[in-house]
Amino acid sequence: MLDDEFDYEGNISKLTKLGESTNLKEELAGLISDYLDFIEKSKGSQQLIIAIDDLDLCSANAYKMAEQIRKYLIIPHVCIVLSVKIEQLELCIREKNLKDFQEINKNRNDEVFIQLNREVQTMAERYVSKLIPRQRRIYLLKVQRFEDVHIIYKEAGSKEPIIDSWKMTGADKHAAIEQAIDLKDRRNSEEKAVSDKTVQENQKFTSSMLDLIYDRTGMRFLSEADGGSYLLPSNLRDMISWILMLAEMEDLKDVEEENKDKIYFNNIVRLENYFVKEWAGDNIEWYEGLTLQNMGNMDIFHMNTVVQRIIRNLCKKVFPEYIPQPSNILSERLDSFYQVMGWFELFNKNVADIEKEACVYRIRVLYTIRIHKLLRKKRYAELSNMFNGYIWGTSFWGLLPSHTKTKMDRSRFAIRTVVGFNSILSEISSEVEKLPVPEIGKPFYVSRIEKDMERNSYIKAWIVLGVLSNMFYHNSNMLVFSFREKIISGNNKIWDFIHISLENYLVALCDLDVLYEKVNMIRMGIEKSEYEEIMRVIQEENRESIQYARTIVSNMDLLVGLKEYCFENRDYKESTSGNGERTIRLVLKFFENIEKYMGKYGIKIKAEKLNKFVFGKDQIIDIAKLYSNLFVIATQDSELQRQLEQKEKTVELTMDFRKKITEFPEHWEHEENRAAVRLQVRTAERVKLNLDKLALGIQRYLGENKEQPSNLDIEGLCTLYSSVVEMYLKDKGVEITDEMYKEYTRLVKVQNEMKTGDK
């Protein structure tokens with residue numbers, strides 16, 4: 001009968017059989033009525049419930065099944081419960097309708113094709129609306145929105161659960177409380193007495209799952225502002241698969257401390273395999289079809305560069321007119337970790353697209369997994385190579401308030417290397433002879449440490465200097481963050497200036513062994529074995545603060561939010577006296593902010609431990625006090641400040657010049673600006689004036705032609721301009737060198753092309 005019913009090309013005699021469907025419906029109604037009377041004697045209250053699961057999954061038969069329900073089962077005393085994804089069922093109906101109109105579908109006329117698709121979509125929506133009226137639909141909550149969740153997983157017949165979200169082992173048992181109650185309010189309120197159970201009962205499913213992941217792997221992932229997570233699925237079936245995956249992991253309950261790293265590592269690998277192979281999907285459509293697994297297996301150079309390209313392309317998709325502005329700060333490497341962090345932060349603040357946010361978040365998860373694997377395997381050297389001295393880099397500026405008088409930024413500031421070393425040496429020993437301070441601009445060469453009395457103190461001072469500092473230099477008058485340079489070069493020359501920063505301190509704590517090469521101690525006659533002997537004591541004495549630093553840098557979700565939290569709470573409101581007390585309070589405030597922020601997510605960190613760098617019971621360096629001393633020295637070094645301000649002005653003017661000759665302008669001067677081909681007066685002032693005219697002429701050409709002159713040497717012009725500006729700021733009337741003038745005459749020839757190429 002079904003074959004005849006769906007055979008729409010049969011002869012007219014088959015129409016007689018269509019009445020059989022009506023008879024069948026009536027007979028079925030009578031049969032169900034008799035059945036219900038037999039089962040339940042109370043008249044009028046009987047209902048036959050028919051549950052149909054996943055009607056939409058079998059696309060080939062979904063329409064036929066829906067038709068049978070509509071024709072025969074919409075009768076009295078029958079309640080049909082359908083589990084279905086409405087959008088997917090509509091697609092099944094659309095597929096059937098398109099087959100009915102396949103002859104029309106062969107028409108390649110665009111208008112007919114568009115109309116057909118529109119009509120077929122409307123027909124599908126009406127059909128499903130008739131089959132399942134909107135007022136009868138119950139929209140299930142996403143599993144991530146479930147509240148008051150207590151997750152228990154155990155073997156059948158067993159009383160002891162494998163997983164109990166209220167009895168976590170590896171993670172801090174107060175994690176749920178820390179998430180639910182802000183520390184600032186909790187310390188001064190009666191909420192301190194809230195029980196674990198009360199807080200846990202208010203947790204959402206997502207929070208419980210993320211706590212379970214932390215418990216098994218040590219990786220802390222945070223929920224989004226709406227309480228959901230891009231790491232986890234939204235449906236119950238897939239969420240159960242996650243729970244089963246976690247249940248298969250080894251529990252850390254009663255595990256000896258020395259064995260925990262191995263178990264954590266195995267659990268992380270299990271989560272990684274499930275995440276990249278079974279859950280997160282196979283491709284990142286925005287970059288050459290790469291899979292997450294491909295990216296996870298890349299070396300760090302390719303991983304960092306690929307991720308930057310992916311996020312940059314995503315930003316351009318959301319903001320087509322977006323053009324990254326050139327920075328006045330360069331990096332020695334294209335794969336700098338802080339640049340990746342910058343893109344994560346930029347994307348996080350500016351893009352509101354669920355699909356793209358999920359993609360970027362899953363890439364962020366890869367970083368957390370990779371860092372934790374290195375930590376659990378104790379491969380700290382690889383971790384140092386991954387960070388290369390910076391977490392936030394350029395965006396760390398401003399995290400501590402600037403000095404009121406000098407406007408110097410406390411977050412990262414420059415200091416003369418020898419002066420900084422001597423200040424640290426004074427904290428370690430007041431009896432040891434300090435290094436002689438050379439005049440600014442004159443090199444200083446360090447010699448071998450001969451005296452046994454001085455040797456230990458000198459080594460410790462160099463270690464502390466290496467912990468707090470990073471090298472920098474200027475290339476074409478642009479600031480460059482250095483990863484490769486050493487404080488003491490191969491010819492024993494000490495690096496002139498260094499940057500002091502609390503960011504350097506946090507990164508250095510993760511791997512103190514790297515300081516031997518960073519300082520280049522072999523140049524002072526210090527053997528690696530001697531350094532390692534001293535470092536073993538230091539690592540043991542600072543074991544807690546080292547672990548804190550590694551915990552901070554290993555969780556990408558925390559890194560993205562920590563800087564913002566520290567910035568919002570960076571100031572110290574109470575009055576302070578002189579002698580650098582305000583800087584001390586601000587440094588302590590920074591450490592306290594870390595403690596509070598990490599504590600909100602169940603990770604205990606003690607600010608006072610971070611503030612102490614210990615060499616032994618009798619020798620403890622107060623980081624806040626030392627940092628303040630170094631900052632005071634930097635603010636009082638007037639010659640250094642003058643040079644830095646001049647360098648900053650040179651960078652600013654050079655960047656403005658670069659923009660004029662590289663970016664397509666919205667507005668430009670329409671009258672012709674031409675630089676002199678030959679100069680009678682060759683002062684820095686006159687050369688700068690002509691280079692500025694040349695830049696305006698190039699800007700006009702870019703605006704009118706929407707292309708660059710083919711012979712434009714951008715780097716050559718910027719290099720010459722920065723050199724001229726540097727001379728100009730010192731003395732406007734000084735003449736440029738013959739080499740600079742020769743370069744000027746070469747570069748200015750680009751005007752010949754601009755003159756003939758103007759449109």
Side-chain angles (χ1 to χ4, degrees), residues 140-151 153 163 165-166 168 170-172 175-180 199-247 249 267-268 270-281 284 292 296 307 311 314 344-345 347-349 351-372 554-562 564-565 597-598 600-603:
L140 296 181
L141 286 172
K142 300 292 186 182
V143 67
Q144 291 199 27
R145 299 294 180 262
F146 291 176
E147 296 187 358
D148 304 337
V149 175
H150 182 189
I151 303 173
Y153 176 81
I163 281 182
S165 64
W166 287 10
M168 293 172 286
D172 181 14
I177 293 180
E178 301 291 4
Q179 289 186 54
V199 176
Q200 289 165 330
E201 285 176 344
N202 291 325
Q203 276 194 297
K204 290 186 177 181
F205 203 120
T206 303
S207 300
S208 297
M209 284 297 297
L210 295 178
D211 284 343
L212 287 174
I213 292 172
Y214 178 51
D215 180 68
R216 288 293 197 265
T217 67
M219 296 186 293
R220 171 56 79 190
F221 299 105
L222 306 184
S223 56
E224 301 296 317
D226 63 355
S229 172
Y230 292 121
L231 174 64
L232 301 171
S234 294
N235 62 76
L236 187 58
R237 181 185 286 109
D238 288 334
M239 191 70 85
I240 289 174
S241 297
W242 269 84
I243 295 174
L244 292 176
M245 181 267 295
L246 292 171
M249 293 182 179
N267 289 347
I268 290 168
R270 184 183 292 273
L271 184 142
E272 180 185 23
N273 290 335
Y274 182 82
F275 173 71
V276 301
K277 295 178 181 178
E278 300 184 41
W279 162 238
I284 303 297
L292 285 172
V307 168
I311 304 179
L314 286 175
F344 279 138
E345 292 175 346
F347 186 89
N348 209 41
K349 292 178 180 178
V351 176
D353 183 299
I354 292 177
E355 184 179 1
K356 292 179 175 59
E357 287 176 42
C359 167
V360 171
Y361 184 80
R362 288 165 185 170
I363 294 173
R364 219 162 74 191
V365 171
L366 279 184
Y367 274 91
T368 297
I369 291 173
R370 183 160 197 155
I371 295 170
H372 272 266
S554 62
N555 295 280
M556 293 295 290
D557 282 18
L558 296 176
L559 282 180
V560 170
L562 174 60
E564 194 66 29
Y565 181 86
Y597 179 81
M598 302 295 281
K600 288 170 62 178
Y601 304 106
I603 299 174

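If you're wondering where the values come from, they're calculated on a predicted model, not measured in any experiment.
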How long is the gap from [atom1] on [X] to [atom2] on [Y], to the nearest 0.5 Å?
X	Y	atom1	atom2	value
Leu558	Ile603	CG	CD1	5.0 Å
Ile354	Cys359	CD1	SG	14.0 Å
Ile151	Leu212	CD1	CG	5.0 Å

With sequence neighbours excluded, what pairs up with Arg270 under the side chain to side chain donor-acceptor pair (under 3.5 Å) test?
Glu248
Thr206: what forms a side chain to side chain donor-acceptor pair (under 3.5 Å) with it, not counting sequence neighbours?
Gln144
Apply side-chain contact (heavy atoms from CB on, under 4.5 Å) to Val365 and Met219, showing your working.
CA-CA 10 Å; Val365 171; Met219 296 186 293; over 6 Å; no
Is any side-chain heavy atom of [X] less than 4.5 Å from a side-chain heavy atom of [Y]?
X	Y	answer
Val307	Tyr367	yes
Thr217	Ile369	no
Met209	Leu246	yes
Arg216	Leu271	no
Tyr214	Tyr601	no
Met556	Leu366	no
Asn348	Arg364	yes

Can you check whether Asn555's main-chain N or O pairs, donor with acceptor, with Arg220's side chain at less than 3.5 Å?
no
Could you check whether any side-chain N or O of Asp557 sits under 3.5 Å from a backbone N or O of Leu222, counting only pairs where one atom can act as donor and the other as acceptor?
yes
At their closest point, which heavy atom of Thr368 faces which heavy atom of Ser554, and how far apart are they?
CG2-O, 3.6 Å
Restricting to non-hydrogen atoms, name the atom on Leu231 and the atom on Phe221 that form the minimum distance, rounded to 0.1 Å.
CD2-CD1, 3.6 Å
Classify the ring geometry between Tyr274 and Trp242 as parallel (under 30°), tilted (30 to 60°) or perpendicular (over 60°).
perpendicular
Does a donor on one side chain and an acceptor on the other come within less than 3.5 Å for Glu357 and Tyr230?
yes
